[in-house]
Chemist: 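Handing you this structure, nothing more for now.
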There are 2 protein chains.
Amino acid sequence: MSDRALHKRIRADISERIRSGAWPPGHKIPAEHELMVEYGCSRMTVNKALAPLAETGLIVRRRKAGSFVSRPRIHSVVLDIPDIAAEVTARGEPYGYELLSGRARTANARDVAELGLDRPVEVLALRCLHRASGRPFALEERLINLAAVPQARGVDFAKAAPGGWLLSHVPWTEAEHRISAANVPKATAAVLGVEPTAACLVLERQTWRGEDRITHVRLVFPGEAYDLVARFSPQGAPA
Amino acid sequence: MSDRALHKRIRADISERIRSGAWPPGHKIPAEHELMVEYGCSRMTVNKALAPLAETGLIVRRRKAGSFVSRPRIHSVVLDIPDIAAEVTARGEPYGYELLSGRARTANARDVAELGLDRPVEVLALRCLHRASGRPFALEERLINLAAVPQARGVDFAKAAPGGWLLSHVPWTEAEHRISAANVPKATAAVLGVEPTAACLVLERQTWRGEDRITHVRLVFPGEAYDLVARFSPQGAPA
DNA sequence: GGATTCTTATTGTATAGACATAATGAGCGC
DNA sequence: GCGCTCATTATGTCTATACAATAAGAATCC
């Protein structure tokens, strides 16, 4: 493991010392000049090692003052939002997809609110059911803004799930996810084959490109059948 | 915005073209030499711009072949795991904390499973209630491995919430989070002041340092009172 | 044709030097 | 002591150059 590039080794060394607690928050990190001597390299190399640590917030750098280990930073993790087909397949279960309903319509008040539109344009409203081993796995309720994605009009979503089609055909610049728990309406519970009182995990995603709203999707997972798992691996940690 | 460092501007330009779809997946990115001419800078500067893009997976670089926009990358987001006190205060509500119970004991079978221990050591089991404007906001069920964190024995968790104390006193190297929806036991529902049928959002976190298990915490949020929000901001995007 | 070798384009890494920028802390005037 | 100025120091950025590593593609040999 010591055959990697020097600047990466320096970075790994430092982040290791921080993560292990040897250098607590607030601790002063040796100056570039000192590290340069310690590792017997040029200042550019040291700088290349430290710059990303500063960018990701593990350390704070101040001119003249020096570099310091950050105060306990916001506790953030990377969460992989599942591609449902991949997720089901990864569990070794056969994946099934079914389009329950789908039609274009002028956005109603609720559509406008969910998509965050400023006026009621044409939208495509879809309801799809994803299955694992035949059993309902997730209900997808999706709105696609046809003003922003007119080419979605000609796609047959009975064959391909809209998530995958959108991902590969429509670029987006930003997305917001919302994760919550909810007791869902009776109709939804019936489709998912759970009791109306069962807790469901609701994942909502809204994407847009520039000012244009692209799509809004709500994925409802039946109760305790599904967990979102996020593993935190701090900057510079070996895989 | 064009007064930032050149290598950051180059990086922003490129990631913008990728995110906007102008450069689709698989598209060949101009060689370092070309970008060097385009921006009138040295190759080092171009390299400093591109290297982080490769590290975060937005692009793939191959010697002799060139640099290319990655195939639809894994759909991952950064999720800020809340510090409850900060979260409540940020909403403009007064924050309240209460220790419901706490005692040291030898780990029982369930403790062993939750902490992932290999033998039943001494643990500190805590139940705490977090309030917003007096109303229950979250129930915290926490186990602290006293074999790994002996100094926790002398702390009065009636005054300070264990999360904050651990964060600032005990370094950790890895964490795993699990987010799910659940119908909680009657006793839990009663403490939270919700119906036993109400869906609750359950956030579990387990942290460890090296091989040592540090703590396991389960935060139960009453139903739809709380959303986890994750905003995706691709590499190089302006804040 | 197919396997092997050679050439070369392209990225990876590092150096030494230069100037810019920001902020600390010392010195100075009052 | 207080406020101002200024030298100093550490980081921020960039250049020009060098050599290494890799793999694509061309040339060669059989």
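No experiment lies behind these values; they were computed from the predicted model shown. Chain identifiers are assigned alphabetically (A, B, ...) following the order of the sequence lines, protein sequences preceding nucleic acid strands; residue numbering begins at 1 within each chain.
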Chemist: Tell me whether Glu140(A) is salt-bridged to Arg218(A), with the criterion being a basic N under 4.0 Å from an acidic carboxylate O.
Modeler: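 No, no charged N to carboxylate O under 4.0 Å.
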
Chemist: Could Glu55(B) and Arg11(A) be called an ion pair, given the rule that one side-chain N must be under 4.0 Å from one carboxylate O?
Modeler: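 The answer is yes: the pair qualifies as a salt bridge.
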
Chemist: Roughly how far apart are Leu115(A) CG and Ile214(A) CD1, rounded to 0.5 Å?
Modeler: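 The distance works out to 9.5 Å.
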
Chemist: Is the count of non-hydrogen atoms from other residues, nucleotides or ligands lying under 6.0 Å from Arg17(A) atom CZ greater than 12?
Modeler: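 Count over threshold, so yes.
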
Chemist: Name the atoms and distances for all side-chain donor-acceptor pairs under 3.5 Å in residues 149-164 of chain B, with sequence neighbours left out.
Modeler:
residue: Asp156(B); atom: OD1; partner: Ala158(B); partner atom: N; Å: 3.0

Chemist: So if I define the base as every atom that isn't primed, P, OP1 or OP2, how would nucleotides 6-14 of chain D read as a B/S/- string at a heavy-atom cutoff under 4.0 Å?
Modeler: ---BBBBBB

Chemist: Centroid separation under 6.0 Å, is that true for the rings of Tyr97(B) and His130(B)?
Modeler: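 Yes, they do, as the ring centres are separated by less than 6.0 Å.
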
Chemist: What are the bounds, 5' to 3', of the part of DNA chain C that sits under 4.0 Å from heavy atoms of chain B?
Modeler: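 With heavy atoms of chain B under 4.0 Å away, the range is dA9(C) to dA14(C).
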
Chemist: Does Arg9(B) come within less than 4.0 Å of Glu16(B), counting only side-chain N to carboxylate O?
Modeler: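 Glu16(B) and Arg9(B): not salt-bridged.
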
